[in-house]
Amino acid sequence: QQQVKQSPQSLIVQKGGIPIINCAYENTAFDYFPWYQQFPGKGPALLIAIRPDVSEKKEGKFTISFNKSAKQFSLHIMDSQPGDSATYFCAADNTNAGKSTFGDGTTLTVKP
Amino acid sequence: NAGVTQTPKFRVLKTGQSMTLLCAQDMNHEYMYWYRQDPGMGLRLIHYSVGEGTTAKGEVPDGYNVSRLKKQNFLLGLESAAPSQTSVYFCASSRAGGYTFGSGTRLTVV
């Protein structure tokens, strides 16, 4: 039973493009929604996160959009650069239980 | 501030051998986790701990054991390694929402 569905599996954009990665969840107990960035050979690193009482959060070039009624959230990367090429994971946390459910990841390639 | 430190970074085991992976965090986090990452499989939770002295099974616990004797350390043991346990293992810790991951241990079982 996959509680967090992430799409697309892979994404290729040109430099300067705005890749969008989408996630959907089912469990209404989730109360924190982080995104992670992972470069080859490294561990995932927390990139940006949002709580469900907020519809949008922006940190630098990264923006999370959150739709509580649809149980969906997405990551947008403005002015993408080749250095943004990485695997991105969404997650949904039940902070009371101390557990996180991860999406399957999206491999982003930004072409020069 | 080291965050989450995993040792060793690389290891090659023969089938049937045992080993322990060590995870240490210096952020006073209550929660700690062990994941494995395989190509095309995302992150799969092996075991986790919600506090010192507690452990619980994740989605793929078979063949692994864990211990959390001290709050800052979380050990993952393989009693009899199998080729199917060839993977990259990540430890993570959390206080409440959002994980800090270690840099991983790449384990090969031959």
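Here is how names work: the chains are called A, B, and so on, in the same order as the sequence lines, proteins then strands, and each is numbered from 1. This is a predicted model, so every value here is computed, not measured.
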Chain B contact via A/Gln38 - side chain, backbone, both or neither, heavy atoms under 4.5 Å: side chain
Neighbour count above 12 (heavy atom, 6.0 Å) for A/Gln9 CD: no
Approximate separation, where rounding is to 0.5 Å, of A/Thr87 OG1 and B/Leu43 CG: 10.0 Å
In one Ile/Leu/Val/Met/Phe/Trp/Tyr side-chain cluster, 4.5 Å: A/Tyr88, A/Leu11: yes
Top contributor to chain B contacts, counting heavy-atom pairs under 4.5 Å, from A/Gly105, A/Gly41, A/Gly98, A/Ala97: A/Gly98
Residue, of B/Gly98, B/Gly104, B/Gly102, B/Gly42, that accumulates the most heavy atom pairs under 4.5 Å with chain A: B/Gly98
Segment of B/Gln37 engaging chain A (4.5 angstrom heavy-atom cut-off): side chain
Connected via hydrophobic side-chain network under 4.5 Å: B/Tyr89 and B/Leu45: no
Residue pair B/Tyr31 / A/Asn96: nearest heavy atoms and the distance that separates them: OH-O, 4.2 Å
Distance-minimising heavy-atom pair for A/Asp93 and B/Gly97: OD2-CA, 3.4 Å
Verify same cluster id: B/Phe74, B/Leu76 (apolar side-chain graph, 4.5 Å): yes
Least distance between heavy atoms, A/Lys99 atom then B/Tyr33 atom: N-OH, 4.2 Å
Atom pair OH (B/Tyr48) and OG (A/Ser100), whose distance is rounded to the nearest 0.5 Å: 12.5 Å
Heavy-atom contact with chain B under 4.5 Å, split by part of A/Tyr36: side chain
Validation row, ring centre A/Phe89 to ring centre B/Tyr99 under 6.0 Å: no
Path from A/Phe66 to A/Phe30 over hydrophobic side-chain contacts below 4.5 Å: yes
Over 12 foreign heavy atoms within 6.0 Å of NZ, A/Lys68: no
Side chain to side chain contact (heavy atoms under 4.5 Å, CB included) between A/Lys42 and B/Phe90, worked out: CA-CA 10 Å; A/Lys42 304 292 185 182; B/Phe90 288 103; over 6 Å; no
Within one Ile-Leu-Val-Met-Phe-Trp-Tyr cluster: B/Trp34 and B/Tyr64, side-chain cutoff 4.5 Å: yes
Heavy atoms from other residues, nucleotides or ligands near CZ of B/Arg44 exceed 12 (cutoff 6.0 Å): yes
